[in-house]
Structure formats: structure tokens, C-alpha cells
Student: 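A single structure is presented below for examination.
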Amino acid sequence: MANDRLRALEDVEREIAVVLQCAGNVVLELSKEKHNASFLDRQLSQFTSSINRVEGELSSQIRYLTQVATGQPHEGSTYSARKDCQMALNRAEYARVKLGELGRTCEILLEPQT
């Protein structure tokens with residue numbers, strides 16, 4: 001799951017490079033005395049489709065991170081279970097310490113007074 005998300009982000013990075021390349025090509029073409037309209041149209045089409053793919057994937061990643069950050073259950077997460085387990089262990093340790101203190105207090109109170 002995590003590897004899939006990383007691969008998707010790498011794909012987004014490549015798409016961003018395509019977007020920048022298209023933008024550079026358009027600027028270069030517009031700087032020429034005579035513009036090639038069909039080339040500009042192709043670049044614009046590729047730019048738009050790449051931007052849409054980047055936006056879609058980043059939105060998906062943000063939705064996933066929002067679920068993770070708010071503690072909502074999500075696919076592949078064991079955070080909630082690990083957190084519950086750690087809290088139970090902390091409560092058990094606290095109870096052990098308090099019972100030990102209570103045991104020592106009882107021993108002191110029950111010691112024969114001399």
C-alpha cells in the first residue's frame with residue numbers, strides 16, 4: 001500500500017515535469033516570429049491533461065492523508081490498534097505500580113507495633 005502511494009507520487013512528479021516542459025515549449029514557440037498553431041494546440045492539450053492527472057492524484061493523496069491524520073479507519077492502517085494496545089499496557093503498568101504501593105502501605109499498617 002505505501003509503495004503504491006510512493007509510486008503514484010513519483011508518477012505525479014513525472015507529470016509535473018511534463019507540465020513544465022509543455023509550458024516551456026509554449027513560451028519558446030510564442031517567442032518566435034511566426035507561431036505554429038497546431039504545435040501550440042498539441043502542447044496546450046498535453047498541458048491540460050497532465051494538469052488534470054496531477055490534480056486528481058494529489059487530491060486522492062490529500063484525502064488519504066486527511067483520513068490518516070484524523071484517526072478515521074483507512075485501508076492498511078494499524079495505528080489505532082497499536083495506540084489502543086499501548087494505552088492498555090500503560091494502564092496495566094499504572095495499576096501494577098499502584099497495587100505495589102497499596103501492598104507496601106498494608107504491610108506497614110499490619111506490622112506488629114513494638
Student: Determine the sole option in Asn90, Asp84, Leu89 for which the side chain to side chain contact (heavy atoms under 4.5 Å, CB included) test with Met87 is passed.
Tutor: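 Among Asn90, Asp84, Leu89, the one that satisfies the side chain to side chain contact (heavy atoms under 4.5 Å, CB included) with Met87 is Asn90.
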
Student: By salt bridge (Lys or Arg N to Asp or Glu O under 4.0 Å), which residues pair with Arg14, not counting sequence neighbours?
Tutor: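 By the salt bridge (Lys or Arg N to Asp or Glu O under 4.0 Å) rule, Arg14 matches Asp11.
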
Student: Any salt bridge between Glu101 and Arg104, counting N to O under 4.0 Å?
Tutor: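 The answer is no: the pair does not qualify as a salt bridge.
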
Student: Let me see the working for Asn52 and Ser50 under side-chain hydrogen bond (donor to acceptor under 3.5 Å, both in side chains), right down to the final yes or no.
Tutor: CA-CA 5 Å; Asn52 288 336; Ser50 291; over 6 Å; no

Student: Name all residues meeting the side chain to side chain donor-acceptor pair (under 3.5 Å) criterion together with Glu107; count only those two or more places apart in sequence or in a different chain, and write none if there are none.
Tutor: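 Applying side chain to side chain donor-acceptor pair (under 3.5 Å) to Glu107 gives none.
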
Student: Treat each ILVMFWY residue as a node, draw an edge where side-chain heavy atoms are under 4.5 Å apart, and state whether Val18 and Leu44 are in one component.
Tutor: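 Unlinked, Val18 and Leu44 end up in two clusters.
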
Student: Report whether Leu58 and Leu20 are members of the same hydrophobic cluster (ILVMFWY, side-chain heavy atoms less than 4.5 Å apart, transitive linking).
Tutor: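 Same cluster: Leu58 reaches Leu20 through Ile, Leu, Val, Met, Phe, Trp or Tyr contacts under 4.5 Å.
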
Student: Between His35 and Glu29 (side chain of the first, backbone of the second, donor and acceptor by atom type, cut-off under 3.5 Å), is there such a pair?
Tutor: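 A pair under 3.5 Å: yes.
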
Student: Judged by atom type as modelled, is there a donor-acceptor pair below 3.5 Å linking the side chain of Glu57 to the main-chain atoms of Leu9?
Tutor: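 Checked: no pair found.
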
Student: Stepwise, does the side-chain contact (heavy atoms from CB on, under 4.5 Å) test hold for Ser60 with Ile62?
Tutor: CA-CA 5 Å; Ser60 172; Ile62 289 169; over 6 Å; no

Student: Tell me, please, which residues at least two apart from Glu10 pass side chain to side chain donor-acceptor pair (under 3.5 Å).
Tutor: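 With sequence neighbours excluded, Glu10 shows a side chain to side chain donor-acceptor pair (under 3.5 Å) to no residue whatsoever.
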
Student: Working to the nearest 0.5 angstrom, can you tell me the gap between Phe47 CZ and Gln21 CD?
Tutor: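 These two atoms lie 12.5 Å from each other.
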
Student: Between Thr66 and Arg63, is a side-chain contact (heavy atoms from CB on, under 4.5 Å) present by the stated rule, with each step listed?
Tutor: CA-CA 5 Å; Thr66 300; Arg63 278 192 303 278; 5.6 Å; no

Student: Between Leu40 and Asn25, is the side-chain contact (heavy atoms from CB on, under 4.5 Å) condition met? List the steps.
Tutor: CA-CA 8 Å; Leu40 289 173; Asn25 289 341; over 6 Å; no

Student: List the atom of Leu28, the atom of Ser31, and the distance in Å for their closest heavy-atom pair.
Tutor: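 Residues Leu28 and Ser31, closest heavy atoms: O-OG, 2.6 Å.
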
Student: Should Arg96 and Leu99 count as side-chain neighbours, where that means a heavy-atom distance under 4.5 Å?
Tutor: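 Not touching, per the 4.5 Å side-chain cut-off.
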
Student: Measuring from atom CD1 of Ile16 to atom CZ of Arg53, what distance do you get when rounded to the nearest 0.5 angstrom?
Tutor: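 Result: 12.0 Å between the selected atoms.
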
